[in-house]
Amino acid sequence: MDTGILILRLLVGLLVAGHGVQKVSSHLGGKGLEGGTEEFRADGFRGGVLTALAAGGGQIGSGLLLAAGLLTPLAATGAIGVMTVALTVKWRHGLWVQNDGYEYPLVLVGTAAALAATGPGAWSLDAALGLAPYPLWWAALALAAGLGSGLLTRLVLHRPPAAAPATADR
């Protein structure tokens, strides 16, 4: 079981971190901070550079913590939060990723929640430092705080689409 959890942590943690690197740099196929800023603006978010830095930093930090198995409930909370924001952006396209849907963010939210529930496993920094296992209520807290922070971020930073100008009937 510990081997499976290690593989899952490394895969998901490094993918989340890599996604954050793309938001703030030209590494891993990213378009630099300017591209990350433009992506958020195109998706209707305020804040520009600060929003891209916060999202990218949150993804890098939570992803690396998940991969290392360090402070796993906190790492899961961060990953769930940023992926909840991504899910809300893609919601209007439906579930499936081939239609730019929310399938991928949903899988990452579910995986981060599962890692919070199972714990990081024996091959983790949490175990090496004597922090694990965490009580199960940490998983519920991580899920609630992650979903809540993601939805609050959407509420605070997302601008509603501009109304189309009225046209006179002739």
**Student:** Without swapping roles, check the side chain of Ser26 against the backbone of Gly32 for a donor-acceptor pair under 3.5 Å.
**Tutor:**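 Pair absent, no side-chain N/O of Ser26 close to backbone of Gly32.
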**Student:** Suppose clustering is done on Ile, Leu, Val, Met, Phe, Trp and Tyr with side-chain heavy atoms closer than 4.5 Å. Which residues sit in the same group as Leu74?
**Tutor:**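 Leu65, Leu70, Leu71, Leu125, Leu129, Leu131, Tyr134, Trp137, Trp138, Leu141, listed by chain and number.
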**Student:** Look at the side chain of Asn99 and the backbone N and O of Gly94, then say whether any donor-acceptor pair between them is shorter than 3.5 Å.
**Tutor:** no
**Student:** Taking salt bridge (charged side-chain N to carboxylate O under 4.0 Å, His left out) as the test, write out the residues that go with Asp2, two or more places apart.
**Tutor:** none
**Student:** Closest heavy-atom contact between Val24 and Gly56?
**Tutor:** CG1-CA, 4.0 Å
**Student:** Tell me the closest heavy-atom pair linking Phe40 and Ala55, and the distance in Å.
**Tutor:**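 Closest approach of Phe40 to Ala55, heavy atoms only: CZ-CB, 3.4 Å.
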**Student:** About how many Å separate CZ of Arg9 and CH2 of Trp123, when rounded to the nearest 0.5 Å?
**Tutor:**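 The CH2 atom of Trp123 sits 10.5 Å away from the CZ atom of Arg9.
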**Student:** Are Ile80 and Leu8 connected in the hydrophobic side-chain network, where two residues link if heavy atoms are under 4.5 Å apart?
**Tutor:** yes
**Student:** Within a strict 4.5 Å, meaning less than it, do heavy atoms of the His19 and Met83 side chains meet?
**Tutor:** yes
**Student:** Of the non-hydrogen atoms in Thr51 and Arg46, which two are nearest, and what is the gap between them?
**Tutor:**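 What the structure gives for the nearest pair is OG1-O, 2.5 Å.
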**Student:** Can you tell me how far NZ of Lys23 sits from OG1 of Thr37, rounded to the nearest 0.5 angstrom?
**Tutor:** 11.0 Å
**Student:** Is there a donor-acceptor contact under 3.5 Å from the side chain of Gln22 to the main chain of Leu28?
**Tutor:** yes
**Student:** Supply the atom-to-atom distance Leu66 CG to Leu15 CG, rounded to the nearest 0.5 angstrom.
**Tutor:**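 Here the interatomic distance stands at 11.0 Å.
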**Student:** Search all heavy atoms of Ala79 against all heavy atoms of Ala112 and return the closest pair with its distance.
**Tutor:** CB-CB, 4.1 Å
**Student:** Less than 4.5 Å apart, side chain to side chain, heavy atoms only: is that true for Val16 and Ser62?
**Tutor:** yes
**Student:** Rounded to the nearest 0.5 Å, what's the gap from OG1 on Thr84 to CG on Leu106? Could you check?
**Tutor:**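 One gets 9.0 Å once the value is rounded to the nearest 0.5 Å.
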**Student:** Distance from Lys90 atom NZ to Leu95 atom CG, nearest 0.5 Å?
**Tutor:**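 Those atoms lie 12.5 Å apart.
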**Student:** Could you report the tightest heavy-atom contact between Pro105 and Leu87, atom names first, then the distance?
**Tutor:**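 Minimum heavy-atom separation between Pro105 and Leu87: CB-N, 3.8 Å.
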**Student:** Taking atom CG of Leu108 and atom CD of Gln59, what is their separation to the nearest 0.5 Å?
**Tutor:**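 Result: 9.5 Å between the selected atoms.
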**Student:** Thr88: what forms a side chain to side chain donor-acceptor pair (under 3.5 Å) with it, not counting sequence neighbours?
**Tutor:** Arg154
**Student:** Quick check: is Leu136 connected to Leu143 through a chain of hydrophobic side chains (ILVMFWY, heavy atoms under 4.5 Å apart)?
**Tutor:**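 Different hydrophobic clusters.
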**Student:** Let's go through Leu14 and Leu64 carefully: what are the C-alpha distance in whole Å and the side-chain angles of both, what is the deciding distance for side-chain contact (heavy atoms from CB on, under 4.5 Å) to 0.1 Å, and is it a yes or a no?
**Tutor:** CA-CA 6 Å; Leu14 293 176; Leu64 291 177; 4.2 Å; yes
**Student:** Do you reckon Leu50 sits in the same ILVMFWY cluster as Val85, going by side-chain contacts under 4.5 Å, direct or chained?
**Tutor:** no
**Student:** Would you call the rings of His158 and Phe45 parallel, tilted or perpendicular, taking 30° and 60° as the class edges?
**Tutor:** perpendicular
**Student:** Taking Val82 as the starting point, is it possible to reach Val49 by hopping between hydrophobic residues whose side chains are less than 4.5 Å apart?
**Tutor:**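 Different clusters: Val49 never reaches Val82 through Ile, Leu, Val, Met, Phe, Trp or Tyr contacts under 4.5 Å.
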**Student:** Considering non-hydrogen atoms only, spot the tightest contact between Ala142 and Ala76 and give its length.
**Tutor:** CB-CB, 4.4 Å
**Student:** Check the hydrophobic clustering (I, L, V, M, F, W, Y; side-chain heavy atoms under 4.5 Å; chains of links allowed) and say if Leu11 and Val109 are grouped together.
**Tutor:**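 In one cluster with Leu11: Val109, yes.
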